[in-house]
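Just the heavy atoms: all of them, side chains too, but no hydrogens, waters or symmetry mates, feed the values below. Order of the sequence lines sets the chain letters (A, B, ...), proteins ahead of strands, with each chain counted from 1.
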There are 2 protein chains.
Amino acid sequence: MDITTLFKLSSGLYIIGSKDNDRNIGCVVNTVVQTTSRPVTLSVCINKDNFTNTCIKKTGGFSVSILSENIKENVIGAFGFSSSREKDKFSDVSFGLTPSGMPYLKEGVTGFIQCKVISTTENFTHTIFIAEVQEAENISQEPPMTYDYYHRVIKGKTPKNASSYAENTKTTGSSYKCSICGYEFSGSKEEFENLPDDYKCPICSVAKSLFLPV
Amino acid sequence: MDITTLFKLSSGLYIIGSKDNDRNIGCVVNTVVQTTSRPVTLSVCINKDNFTNTCIKKTGGFSVSILSENIKENVIGAFGFSSSREKDKFSDVSFGLTPSGMPYLKEGVTGFIQCKVISTTENFTHTIFIAEVQEAENISQEPPMTYDYYHRVIKGKTPKNASSYAENTKTTGSSYKCSICGYEFSGSKEEFENLPDDYKCPICSVAKSLFLPV
């Protein structure tokens, strides 16, 4: 089997939002698909280890923010490479609440969808949630971000919990690499070491100490 | 709810192949998504009225041909707007068979995947098949066809059985429209009526008599 064949499956990039009691939580996925038109339903596949999975099972609801090509890299990084267990991922972004109170992003998105879970299927490491679409609103006419654009243009990485994760040890000749999200610093070893101590990964915001030489 | 928000969900375009006894059958979908990486599984959502749905349930297997931007319009038309119950859709295309004997397209595709069903979930009008990926091979390096590209560049239409189907009565000022696939003839009423009697829809190949004035 050639795993790279699977890389040709096209998808968008989304932030799923939900609630942990009163707290806003969420994560990045590329697995949203419309499943029926009457009634309008969709499915989304989320790793069982993700806190968002636990919260959707408790609340029975979630939002989908459809990311546009204008979404900031560090927003994808914050939602994709850290856990809502430890961090308020919505603290640094402009967000609104759907009628049922689920958080959605207001900037760098084309719109949001509010969903109510109607069934779940456990599939190895992931849960597939099937949900009824209750609300859907457009926010901008920006082009939707595709997963291909994220990898090809933004040079984004794939979190280990993603359903499409594939081990990749290839580097582009950089000197240091973020151990959390895989971001590769493009300068020399000396340039990296001369960065200030408060330097943070531009993708996932972790400290300089979490970079490793490559 | 603004249904156009759902149009921003990105997806690819695929031909699902399976068997009706010894006969090759198949249909077009835009609902393939990788669901886990260990083991490699994917899901695909197919209308219960599609003959392909019935055949996958009987055989427990199917192929996915990942369409590229070079796929011919009339191939999408033939697989999307007619039924394998009545027609051998593979008769006009170059195809191969996966190790388990499922038909896949050899031209206008980036590769094929062979799948074995591990579970099904019935969801209103559609079935969601979850399947283990058994084989996957690249065929070309052509860019994968996205559903957005199909609508925007090829001006393709959506079959009524698709999960993302939305009623659309808008026309682009054409004179006649195909009643099966929605293709709009771009010339005048007189030009359409002067076409030879054996004229066929360039998208779905049905006869001239199935066009209606708009």
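- Distance check: A:Ile130 CD1 to B:Cys45 SG gives 8.0 Å after rounding to the nearest 0.5 Å.
- Heavy atoms of A:Thr158 lying under 4.5 Å from chain B are absent altogether.
- Within a 6.0 Å radius of NZ in B:Lys48, other residues, nucleotides and ligands contribute more than 12 heavy atoms.
- Residue A:Ile118 touches chain B through its side chain alone, counting heavy-atom pairs closer than 4.5 Å.
- Across A:Ile66 and B:Lys8, no two heavy atoms sit closer than the pair CG2-O, 3.7 Å.
- Within the 3.5 Å criterion, the main-chain N or O of A:Gln34 finds a donor-acceptor partner in the side chain of B:Ser163.
- When the shell of 6.0 Å around NZ of B:Lys200 is examined, it contains 12 or fewer heavy atoms from other residues, nucleotides or ligands.
- When heavy atoms are compared at a cutoff of 4.5 Å, B:Leu13 does not approach chain A at all.
- Between the side chains of B:Ser10 and A:Thr146, not a single donor N or O lies within less than 3.5 Å of an accepting N or O.
- Heavy-atom distances place the backbone of B:Gln134, and not its side chain, under 4.5 Å from chain A.
- Contacts of B:Thr41 with chain A are made by side-chain atoms alone, with heavy-atom separations under 4.5 Å and no backbone atom involved.
- Contact annotation for A:Thr4: both backbone and side-chain heavy atoms come within less than 4.5 Å of a heavy atom of chain B.
- Only the side chain of A:Tyr14 comes within less than 4.5 Å of a heavy atom in chain B; its backbone stays farther off.
- Ranked by heavy-atom pairs shorter than 4.5 Å toward chain B, the options A:Pro143, A:Ser164, A:Ala136 are led by A:Ala136.
- Chain B forms more heavy-atom pairs under 4.5 Å with one residue of A:Glu135, A:Glu137, A:Met145 than with any other, namely A:Glu137.
- Distance check, rounded to the nearest 0.5 Å: OG of B:Ser37 to CG of A:Leu6 gives 10.0 Å.
- Remark: the A:Ser119 side chain and the B:Asn123 side chain contain no N/O donor-acceptor pair separated by less than 3.5 Å.
- What you find for B:Arg38 and A:Thr125 is that their closest heavy atoms are O-CG2, 4.3 Å.
- The distance from atom CD1 of A:Ile113 to atom CG of B:Asp2, rounded to the nearest 0.5 Å, is 10.5 Å.
- Heavy-atom distances place the side chain of A:Thr121, and not its backbone, under 4.5 Å from chain B.
- Rounding to the nearest 0.5 angstrom, the gap separating the CG atom in B:Asn138 from the CZ atom in A:Phe7 is 9.5 Å.
- If you measure heavy-atom distances from B:Thr36 to chain A, the contacts under 4.5 Å come from both the backbone and the side chain.
- Of the listed residues B:Ser68, B:Pro39, B:Ala162, the one with more heavy-atom pairs under 4.5 angstrom with chain A than any other is B:Pro39.
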